[in-house]
Amino acid sequence: MKILLATRNRHKTREFADLLGPQFQVTDLSNEHDLPEIAETGSTFEENAAIKALAVSRVRPKELVIADDSGLEVDALGGAPGICSARFAGDRATDRDNVEKLFRELEKLHRPRRSARFRCVIVIAHNGKILKAVSGESRGLIADSPRGENGFGYDPAFVAAGFTETFAELPAEVKNRISHRARALEKLREFLGG
Ligand code: ITT
């Protein structure tokens with residue numbers, strides 16, 4: 001089965017390809033140069049995932065389109081960076097910039113609570129219509145300092161409940177068993193028939 005991922009984040013594409021397995025042929029927007037930039041104007045992960053899925057499905061109506069909107073919610077920061085995770089340190093922020101800003105913000109607080117969660121909402125669309133929306137989360141703590149080289153985004157900052165390693169220290173197979181994305185996709189499995 002073919003899936004078009006409404007993302008330009010190649011790390012997400014890698015994880016979807018691994019999670020879905022070889023019976024799915026996964027492509028993303030990295031070679032779609034004629035598609036306009038999609039403005040993520042929603043105020044929730046759900047809204048932004050729907051915006052991305054519908055924008056791509058309208059111009060590729062025959063394809064099965066999947067969009068992922070995700071991010072990290074840190075309790076001591078009132079749920080930030082949340083839906084602003086990709087742009088936390090500014091519009092052109094790198095993953096490293098965002099992680100550094102996260103630790104700077106926590107350092108400003110006196111003994112901050114370190115509880116946090118990754119959230120992921122996945123929306124699947126076809127012919128300009130939403131077929132299903134699912135969500136998943138992974139709870140844990142923000143590490144004392146960034147650790148590890150694997151993964152992407154805030155992975156060096158996040159230690160899942162029951163682990164001592166950050167997501168960036170775990171092998172991809174382990175992250176893919178317990179991640180917010182894996183849990184959301186698990187709920188989509190029946191629909192995808194895989
Ligand atoms: P697309 O919108 O093109 O899919 P994006 O990277 O902008 O790509 P989002 O708007 O959903 O995606 O922002 C998600 C951000 O949250 C992402 O940039 C990461 O920094 C972070 N994030 C999401 N999932 C993550 C994960 O599994 N590990 C680490 N960070 C993650």
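Counting starts at 1 for both ligands and their atoms, following the listed order.
For the side-chain hydrogen bond (donor to acceptor under 3.5 Å, both in side chains) condition, the pairs that include at least one residue of residues 75-89, sequence neighbours left out, are Asp75-Ser115, Asp75-Arg117. The stretch residues 139-148 participates, sequence neighbours left out, in these side-chain hydrogen bond (donor to acceptor under 3.5 Å, both in side chains) pairs: Glu137-Arg139, Arg147-Glu169.
Near Asp68, with a cut-off below 4.0 Å to any heavy atom, the atoms of ligand 1 are 4 (O), 11 (O). When each atom of ligand 1 is checked for a heavy atom of His180 under 4.0 Å away, the hits are 24 (N), 25 (C), 26 (C), 27 (O). Below 4.0 Å from some heavy atom of Asp69 lie the following atoms of ligand 1, by number and element: 9 (P), 10 (O), 11 (O). Atoms of ligand 1 lying under 4.0 Å from any heavy atom of Gly71, numbered from 1 in the order shown and given with element: 16 (O). Remark: ligand 1 atoms within the under-4.0 Å shell around heavy atoms of Gly153 are 20 (O), 29 (C), 30 (N). Every atom of ligand 1 is numbered from 1 in the order shown, and the set under 4.0 Å from a heavy atom of Thr7 is 1 (P), 3 (O), 4 (O), 8 (O). Taking a cut-off of under 4.0 Å to the non-hydrogen atoms of Lys52, the atoms of ligand 1 that pass are 1 (P), 2 (O), 4 (O), 9 (P), 10 (O), 11 (O). Short contacts between ligand 1 and Ser85, defined as distances under 4.0 Å to a heavy atom of the residue, involve ligand atoms 15 (C), 16 (O).
Between Phe158 and Phe167, the two ring planes are perpendicular [angle over 60°; tilted spans 30° to 60°].
In terms of heavy atoms, Ala49 sits closest to Ala67 at O-CB, 3.4 Å. In this structure, Ile51 and Gly42 approach most closely via the heavy-atom pair CD1-N, 3.6 Å.
For atom 5 (P) of ligand 1, the closest non-hydrogen atom on the protein side is Lys12 NZ, 4.0 Å. Counting protein heavy atoms only, atom 24 (N) of ligand 1 is closest to Arg181 NH2, 2.9 Å. In this structure, the protein non-hydrogen atom closest to atom 3 (O) of ligand 1 is Arg8 N, 3.0 Å.
With a heavy-atom cut-off of 4.0 Å, Lys175 touches ligand 1 through its side chain alone.
Each of Arg181, Arg119, Arg8 was evaluated against Asp68; a single residue qualifies, Arg181, per the salt bridge (Lys or Arg N to Asp or Glu O under 4.0 Å) test.
By the 4.0 Å heavy-atom criterion, Asn98 is excluded from the residues contacting ligand 1.
Glu40 and Lys52 are joined by a salt bridge, as a carboxylate oxygen and a charged side-chain nitrogen come within less than 4.0 angstrom of each other. Between Glu105 and Lys108 there is a salt bridge, with a side-chain nitrogen of the basic residue lying less than 4.0 Å from a carboxylate oxygen of the acidic one.
Between the CD1 atom of Ile83 and the OG1 atom of Thr41 there is a distance of 9.5 Å, given to the nearest 0.5 Å.
Taking each of Ser70, Ala86, Ala182 in turn, the one with a heavy atom nearest to atom 14 (C) of ligand 1 proves to be Ser70. For atom 25 (C) of ligand 1, the choice among Tyr154, Phe167, Phe45, Phe152 with the nearest heavy atom turns out to be Phe152.
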